[in-house]
There are 2 protein chains.
Amino acid sequence: MKQGVDLLFHAFLDVFGQDEAALRAAKLGRAHRRALYFIARNPGVTVAGLLAILKITKQSLNRVLNDLLDGGFVERRAAPNDRRMRQLRLSPKGAQLETALWDAQRPKLVRAFREAGPDAVAGFRRVLSGLAPAEKRNRAIGSIP
Amino acid sequence: MKQGVDLLFHAFLDVFGQDEAALRAAKLGRAHRRALYFIARNPGVTVAGLLAILKITKQSLNRVLNDLLDGGFVERRAAPNDRRMRQLRLSPKGAQLETALWDAQRPKLVRAFREAGPDAVAGFRRVLSGLAPAEKRNRAIGSIP
DNA sequence: TAAATACGTCAGTATGTCTGACGTAAAAAC
DNA sequence: GTTTTTACGTCAGACATACTGACGTATTTA
């Protein structure tokens, strides 16, 4: 079982620990990359929703978010039904960056998934779904499905 | 595929992001916990070996390692065959802490693994093995198997 | 109108990590 | 047997990320 934890650690480093040139070019760090990724995954997610995903504090997110807003990577606007909430989505510029970042790490994932085979991938998902907290197994709270 | 990345992120947070009371009681942080874990997993690992696992710099590790040495959680001694290398292992006190930490997170893993079933676990390992860099798939360089 | 909610921000702090430079002991190369 | 390389330790300074706590604002709900 500990072997599984080892693997989880290394795989996570491999997927999320990369130091992309495209990121540094945009003067962004890994925290920005994660935010960007989950905004892309959950277009229209609210600030509270994103906080729940990233599990960081409002203050921590705000710094990152302001960088992304200042850089024009993310757009923020009031939710139509409740104007207290702010919905977040990628700008075209942000989407372009996200695509570039994703394309850079995609081959590794494709290869791993294909080499393992569909049954292994199904098992991979089942185990990780059991590990991740129940509320987070699907899309984020506050996102528009 | 991105769904798999989402899962990996949340599962990692769940497994490695915990803020154990036992850690704070020992005045240690998550970086110490990771070092402790991988020393426990690779008894006799060298400093360079541990660096390769954690993928941090020598200076970063040294601060963490010194805390662990000062606290009496880890023992360091020269390798018999090459006295330039230092082998790291847990002290009884360190092993005790590691066991306590592990026992705290174990139930979650046991449950996830059991609920998913052995085939799913096998798939989980296959996929993660494909994601993790090849050199790290087994035990660490510098460890005594 | 009053209270609660969702968010933004200011200020200060802790943690974890980095680069760069320098030093030491031991092994390997010559 | 001297020189070079290796493996590690350390000092100094910096940056990135995240935290706690307090306070302000707009908007919705009671």
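Naming: A, B, ... by sequence-line order, numbering from 1 per chain.
Judged purely by atom type and a 3.5 angstrom limit, A:Arg126 has no side-chain atom pairing as donor or acceptor with the backbone of B:Phe124. When atom types are taken as modelled, the side chain of A:Asn66 and the backbone of A:Asn62 share a donor-acceptor pair closer than 3.5 angstrom. Here the side chain of B:Arg76 pairs no donor or acceptor atom with the backbone of B:Arg86 at under 3.5 angstrom. B:Lys93 contributes a side-chain N or O that, together with a main-chain N or O of B:Gly71, makes up a donor-acceptor pair within less than 3.5 Å.
With ring centers used as reference points, B:Phe12 lies 6.0 Å or more from A:Phe16.
Nearest-nucleotide assignment on DNA chain C puts the 5′-proximal partner with B:Val64, out of B:Ala79 and B:Val64. Nearest-nucleotide positions on DNA chain D place B:Leu51 closer to the 5' end than the other of B:Leu51 and A:Ser60. If A:Ile56 and B:Arg86 are placed on DNA chain D by their nearest nucleotide, the residue sitting closer to the 5' end is B:Arg86.
The phosphate of C:dC18 (OP1 or OP2) has a side-chain N or O of B:Thr57 nearer than 4.0 angstrom.
With rounding to whole Å, B:Asn81 atom CG is found 9 Å from C:dA27 atom P. Per the geometry, CG belonging to B:Leu88 stands 12 Å off C1' belonging to D:dA7, to the nearest Å. As rounded to whole Å, 15 Å separates atom P of C:dG16 from atom CZ of B:Phe16. A straight line from CZ of B:Arg83 to P of D:dG9 spans 13 Å, rounded to a whole angstrom. Between the CG atom of B:Asp70 and the P atom of D:dG9 there is a distance of 13 Å, rounded to whole Å. One atom, CG of A:Leu36, and another, P of D:dT17, lie 13 Å apart when rounded to the nearest Å. The CG-P distance, from B:Asn62 to C:dA21, rounds to 19 Å in whole Å. Here the C1' atom of nucleotide D:dG21 and the CD atom of A:Gln59 are 8 Å apart, to the nearest Å.
Residue-level contact check: A:Arg30 touches the backbone only, with heavy atoms under 4.0 Å from sugar-phosphate atoms and none from bases. Residue contacts shown for B:Asp82 are limited to sugar-phosphate atoms, with no base heavy atom under 4.0 Å away.
In the set C:dG16, D:dT17, D:dC8, D:dC8 carries the atom at the smallest distance from any side-chain atom of B:Met85. For A:Val47, taking side-chain heavy atoms from C-beta onward, the closest of the listed nucleotides D:dA18, C:dG8, D:dT27 is C:dG8. You'll find that the side chain of B:Arg84 is closest to D:dA7, out of D:dG9, D:dC8, D:dA7.
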